[in-house]
Amino acid sequence: MNEHQSNAEPVADVEMRIVALPWHLSAVRAVAADLAMRADFDLDAISDLRMAVDEACSALISRAVEGEVLVCRFDVRPEQIHFSAQVPTTSTAAPSRESFGWRVLTALADSVNTWVTTGESAHHVLRVDLVKKRLGKVPQ
Amino acid sequence: MNEHQSNAEPVADVEMRIVALPWHLSAVRAVAADLAMRADFDLDAISDLRMAVDEACSALISRAVEGEVLVCRFDVRPEQIHFSAQVPTTSTAAPSRESFGWRVLTALADSVNTWVTTGESAHHVLRVDLVKKRLGKVPQ
Amino acid sequence: MTDNSLTNISVSARRLDTETVVVVVTGEIDMATVPRLRETVNDEMAACRSLVLDLSKVSFLGSAGLEVLVEVLHMATSRQVSLCLVADSRTVRRPLEITGLAEMFTIYPTLDDALPTTP
Amino acid sequence: MTDNSLTNISVSARRLDTETVVVVVTGEIDMATVPRLRETVNDEMAACRSLVLDLSKVSFLGSAGLEVLVEVLHMATSRQVSLCLVADSRTVRRPLEITGLAEMFTIYPTLDDALPTTP
Ligand SMILES: Nc1ncnc2c1ncn2[C@@H]1O[C@H](COP(=O)(O)OP(=O)(O)O)[C@@H](O)[C@H]1O
Ligand SMILES: Nc1ncnc2c1ncn2[C@@H]1O[C@H](COP(=O)(O)OP(=O)(O)O)[C@@H](O)[C@H]1O
């Protein structure tokens, strides 16, 4: 996972690496909530970021190669939090944008993106990025 | 930071990498509390682990080379949580075991250790390891 | 730690009378904990006429949980079991509202409101 | 995010009369937030005879915070200011007890208990 240390990507404020298992979702949500609270997001926005991060990680975990590591990064800025997560996968297809989960994700975050990159190793890397603004859109 | 990926150290359940700044202590404490809660620690033991992790990371952050990364790892087992943290430092001396902070740390955790390793790079690495048992000692 | 026994949920069922069951969920409903919820509700649904799902103590509800709620609603409809939710917190209300699911369920703010009044 | 303005603490001072000040701390007292606490208490201590430090809404207290409390106690003693803490939660009580500092302070469970009763 050396590419995360390259100059191309600035060091994230917080990076978490966990084995890609549902059991770990809770710890990632805890960090999301802590960062949003300290960045002075209101209660709805904190709750939305927590759900969006859960949604993104759940999608990645369900498509991860067994035993591989999910890497999550949070970049906290005064007006927004950028969250990015990735995992090794066997499929070259990104998650369907028609799924229930994806629709929930786009409702919660101000912007969302997902794509697959083909690396040198045996596996592809599936990535989800999202941005939640402190005073961003309010779902519904 | 490639040594963390070596075979010598098994993948931690949760690894966090943060720029070694006090602002980030809160996120590490949030993960400590989440993991201890889900490992069914009682409220005092959750509170103790949260304080011990804060104590260990505060000691490392105050001795870190500016701009360097603090790496924290949590290994969760049914009966205990092993926490280990390290940071690049300029001094070859470990924190004093006579300090107030160290005494608080040893009161809270079931075992604590700290040492400095001299790496190939310009800086040394200061490390603190601690274990908190689910049914371990009760301070006082 | 991958032990399934260490999850952040508790699901308990309480039978009020021959017809009515209350299922109380405490903790976080996510991809890790949803199997336990599904299993308990399936079991109870097979042997009641009215099911109250008390979500007052739920501290997280993501789309894995929402999907189970939709399944439960379909199951209740096809088995002619009367179903209602107890939910008052932002944590539970907000995901239901954002997804439009709130309109599909009967939701009471407290368990007392959900139970039939004894004359 | 290294901006110091985004910290998890709020410290506010309220003057009750010419002699008494109540300082209310909300949030987490750690290495990041302790400077704000120290500054406010220093300022208020310079101009009162009695200082009540209300820690009821503190959600974390680590040794950085304990060290400031010890400093404040020393300062109060040398300036002959009467000092007391308001603390009831496990979060605040436990660090004070583990370190033996609880015995050095006058601690009340609520703000009402800490304030002199008006006849
Ligand atoms: N609009 C909706 N409202 C409520 N539940 C839905 C909706 N769409 C889908 N679901 C539920 O989610 C389940 C999975 O839907 P799907 O679109 O396949 O999502 P995913 O690929 O994220 O699992 C469906 O079987 C259904 O129970
Ligand atoms: N036994 C104690 N009880 C309360 N406070 C203490 C105690 N020992 C030290 N302190 C406080 O902590 C401060 C720092 O103590 P020190 O032993 O140098 O710890 P550290 O090296 O962790 O900063 C002291 O100036 C004092 O205010």
When the 4.5 angstrom heavy-atom criterion is applied to A:Ser47 and chain C, the contacting part is side chain

| task | Evaluate side-chain contact (heavy atoms from CB on, under 4.5 Å) for A:Phe100 paired with C:Val70, printing each intermediate quantity in order. | result | CA-CA 11 Å; A:Phe100 179 56; C:Val70 172; 5.6 Å; no

Honestly, the part of A:Arg29 sitting under 4.5 Å from a heavy atom of chain C is side chain

Checklist entry - How about C:Arg14: does its CZ atom have over 12 heavy atoms from other parts shown lying under 6.0 Å from it? => result no

Whatever's closer than 4.5 Å to a heavy atom in chain C on A:Leu105 counts as neither

Tightest non-hydrogen contact, residues C:Ile98 and A:Met51, listed as CD1-CE, 4.1 Å

Sequence neighbours excluded, the answer for side-chain contact (heavy atoms from CB on, under 4.5 Å) partners of A:Gln80 is A:Arg77, A:Val131, A:Lys133

Heaviest contributor of heavy-atom pairs below 4.5 Å to chain A, chosen from C:Glu28, C:Arg94, C:Met31, is C:Arg94

Between the NE2 atom in A:His24 and the CG atom in C:Asp30, the distance rounded to the nearest 0.5 Å is 12.0 Å

Taking a cut-off of under 4.5 angstrom between non-hydrogen atoms, the residues of residues 52-60 of chain C near chain A are C:Ser59, C:Phe60

CD of C:Glu67 to OG of A:Ser99, rounded to nearest 0.5 Å, is 8.0 Å

Heavy atoms of A:Asp54 and C:Gly62 approach each other most closely as OD2-CA, 4.2 Å

Closest heavy-atom pair, A:Gly101 versus C:Ser63, reported as atoms and distance to 0.1 Å, is CA-OG, 4.1 Å

